[in-house]
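Written out below as structure tokens is the structure these notes cover.
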Amino acid sequence: MPDLTGKVAIVSGSTKGIGLAVAEHLVRAGCSVVISGRSREGVRSTVERIEPYAAGTVMGLPCDVRRPDECQVLVERAVDGLGRLDILVNNAGLGIFRPITELGIEEFQAQVETNLNGVFYLSRSAIPHLADTGDGWIINVGSLASRNAFAGGTGYNASKFGLLGLTEATMLDVRDRNIRVSIVMPGSVNTAFWEREQVPERTWRLEADDCALAVMQLLDYPPEAHVSRIEMRPSRPPAK
Ligand SMILES: NC(=O)c1ccc[n+]([C@@H]2O[C@H](COP(=O)([O-])OP(=O)(O)OC[C@H]3O[C@@H](n4cnc5c(N)ncnc54)[C@H](OP(=O)(O)O)[C@@H]3O)[C@@H](O)[C@H]2O)c1
């Protein structure tokens, strides 16, 4: 795993699930990390949980990624407080799965605003700082739903297909500024993401740590190499 001593990362949606696992791995690699999410209490308790084993600084800054002004403030406070920004992990997201006629307008908007628009806002604010380091990273957490449509997925698929396009276009825009942009695309992961949806418990989900490992592997590549997309699925689905 990479040695990230002296580096600084922002992880959106890092109070739970995949974002929390990514933050924990970054901290163990020596990176200073900004924990973020909408819930102030969630941010506070996550910082408290991670700080005891952090080599670098752990900072907590609440931010709703649907708000461009809050995204700008998050990046500015992170850079003011920690001196630089090397890595942005755009992880905050949600999924609401219903047929199009049953999906509320606000439910559709919430998914696009969080899973897609929020990535644009944070990336746009972060890019000047990532460029300053000479070896910047944006890692977006997409999904196998970024490439595979499914019934009940209008909002989620729209947001995650869009995210794949946003990721690849951003990669082309900023690669001459020494910023690598990648997308990690997991299948089902065992997190609180599914709590709202009343879907049957699956025994063949990935774990949040598996996704964090993919992020760490990306960061381990030498500067001349860029893995731009990782697709992940559980290795042992049940036999049909
Ligand atoms: N779980 C899966 O099966 C799976 C599979 C593939 C991809 N993914 C993707 O992985 C990412 C993380 O999912 P997860 O499974 O870890 O979900 P999770 O356990 O529900 O965690 C979501 C995190 O995002 C934060 N968040 C939600 N809305 C936000 C907003 N508007 N602004 C800022 N933070 C926000 C939450 O904190 P607050 O509620 O306090 O804001 C929380 O920290 C998402 O992008 C999801 O689409 C998940």
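Computed from a prediction, not measured in an experiment: that's the story for all the values here. One-based numbering, in listed order, for ligands and for the atoms of each. Positions are given from 1 along the sequence.
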[atom]: which of [options] has the nearest heavy atom?
{"atom": "atom 5 (C) of ligand 1", "options": "G187, S188, A208, S143", "value": "G187"}
{"atom": "atom 22 (C) of ligand 1", "options": "A92, G19, G93, G17", "value": "G93"}
{"atom": "atom 12 (C) of ligand 1", "options": "V119, N91, V89", "value": "N91"}

Taking atom 21 (O) of ligand 1 as the reference point, the nearest protein heavy atom with its distance:
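Sorting protein heavy atoms by distance from atom 21 (O) of ligand 1 puts K16 CB, 3.8 Å first.
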Shortest protein contact, atom 14 (P) of ligand 1 (heavy atom only):
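For this ligand atom, the closest protein heavy atom is T191 OG1, 3.5 Å.
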Aromatic ring proximity, centroids under 6.0 angstrom, F193 and Y156
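For Y156 and F193, the ring centres are under 6.0 Å apart.
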Is the closest heavy atom of [X] to ligand 1 under 4.0 Å?
{"X": "P186", "value": "yes"}
{"X": "A21", "value": "no"}
{"X": "C63", "value": "yes"}
{"X": "S36", "value": "no"}
{"X": "M185", "value": "no"}

Run the numbers on E51 and R49 for salt bridge (charged side-chain N to carboxylate O under 4.0 Å, His left out), then give the verdict.
CA-CA 6 Å; E51 250 175 349; R49 166 178 168 159; over 6 Å; no
In a table with atom names and distances, give each donor-acceptor pair under 3.5 Å that connects a side chain of residues 12-22 to protein atoms at least two apart or in another chain.
unit_1: S12; atom_1: OG; unit_2: N91; atom_2: N; d: 2.9
unit_1: S12; atom_1: OG; unit_2: A92; atom_2: N; d: 2.9
unit_1: S14; atom_1: OG; unit_2: V11; atom_2: O; d: 2.7
unit_1: S14; atom_1: OG; unit_2: S36; atom_2: N; d: 2.9
unit_1: S14; atom_1: OG; unit_2: S36; atom_2: O; d: 3.4

Could you tell me whether a side-chain N or O of N148 sits under 3.5 Å from a main-chain N or O of A145, the two making a donor and an acceptor?
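Looks like no, no N/O pair under 3.5 Å.
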Compute the shortest N/O to N/O distance between N115 and ligand 1 and return yes if it is under 3.5 Å, no if not.
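No, N115 has no N/O under 3.5 Å of an N/O on ligand 1.
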